[in-house]
Amino acid sequence: MARNSGDMFAHLIAVVRRVPRGKVATYGDIAYAAGYPGAARQVAWALHQSSGAPWQRIVGAEGKILLAAEHGQEQRLRLQQEGVAFRGLRVDMKSHRAKLSDLRRSKGSHA
DNA sequence: GATATGACGTCAT
DNA sequence: CATGACGCCATAT
């Protein structure tokens, strides 16, 4: 089976869209949860290519915002508006990092 | 097909 | 914590 990049982006974006409001995920987490460990860079590409996805909820490792200055400012503002708390220049991942088990597929644990 | 680039991640210094 | 280096993978030229 081919697994073309088109499928890859679709899966990546699907996972991105699963990140709940008020929470965030890292590029690596998205790639891993989508089934493409190591494709963290492609997550960024997927966000470029797609529109409508909650790009603001995707941050770098340790909750660091990687976007360029102005866009980074916008991302931070948007996250704060969603209720995400910051710790210096990073998101308070300790409280706002989405769980991989929550991103993998809906369903999941049922209690 | 090769080289350079990028909203990455981890490790070493 | 900042910088440099390497690994990873798709895109642009």
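Computed from a prediction, not measured in an experiment: that's the story for all the values here. Letters go in sequence order (proteins before strands), and every chain restarts at 1.
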Can you list, pair by pair, the side-chain donor-acceptor contacts under 3.5 Å of residues 62-77 of chain A, counting residues two or more places apart and other chains?
unit_1, atom_1, unit_2, atom_2, d
A:Gln75, NE2, A:Gln56, O, 2.9
A:Gln75, NE2, A:Ile58, O, 2.8
A:Arg76, NH1, A:Gly88, O, 3.4

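Within residues 66-99 of chain A, the residues having any heavy atom closer than 4.0 Å to DNA chain C are, in order of number, A:Arg90. Remark: nothing in residues 19-35 of chain A comes within less than 4.0 Å of DNA chain C through any heavy atom. Within residues 45-60 of chain A, the residues approached by DNA chain C to less than 4.0 Å at the level of any non-hydrogen atom are A:Trp45, in residue-number order.
The outermost nucleotides of DNA chain B lying under 4.0 Å from heavy atoms of chain A, listed 5' to 3', are B:dG6 to B:dT10.
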*Pair A:Phe86-A:Leu79, side-chain contact (heavy atoms from CB on, under 4.5 Å): steps then yes or no*: CA-CA 9 Å; A:Phe86 275 75; A:Leu79 289 175; 3.9 Å; yes

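We find that A:Asp29 and A:Arg97 are joined by a salt bridge, their nearest charged nitrogen and carboxylate oxygen being less than 4.0 Å apart.
Atom-to-atom distance recorded for A:Arg18:CZ and A:Leu103:CG is 8.0 Å, nearest 0.5 angstrom.
Partner of A:Val59 under the side-chain contact (heavy atoms from CB on, under 4.5 Å) criterion, out of A:Met93, A:Arg90, A:His96: A:Met93 alone.
Shortest non-hydrogen contact noted between A:Pro37 and A:Tyr32 is CB-CD1, 3.6 Å. Across all their heavy atoms, A:Ala31 and A:Ala39 have their closest contact at CB-C, 3.7 Å. Pairing each heavy atom of A:Gly60 with each of A:Thr26, the nearest pair is O-CG2, 3.7 Å.
For A:Leu89, the CG atom sits in a loose shell: 12 or fewer heavy atoms of surrounding residues, nucleotides or ligands are nearer than 6.0 Å.
Within the 4.5 Å cutoff, side-chain heavy atoms of A:Arg78 are placed close to those of A:Trp55. Residues A:Arg21 and A:Arg57 meet the side-chain proximity criterion, which asks for heavy atoms closer than 4.5 Å.
Rounded to an integer number of Å, the gap from A:Asp7 CG to C:dC9 C1' is 16 Å. Between the P atom of C:dG7 and the CZ atom of A:Arg41 lies a distance of 13 Å, rounded to the nearest Å.
Qualifying side chain to side chain contact (heavy atoms under 4.5 Å, CB included) partners for A:Ala46, counting only residues two or more places apart in sequence or in other chains: A:Phe9, A:Leu12, A:Ile13.
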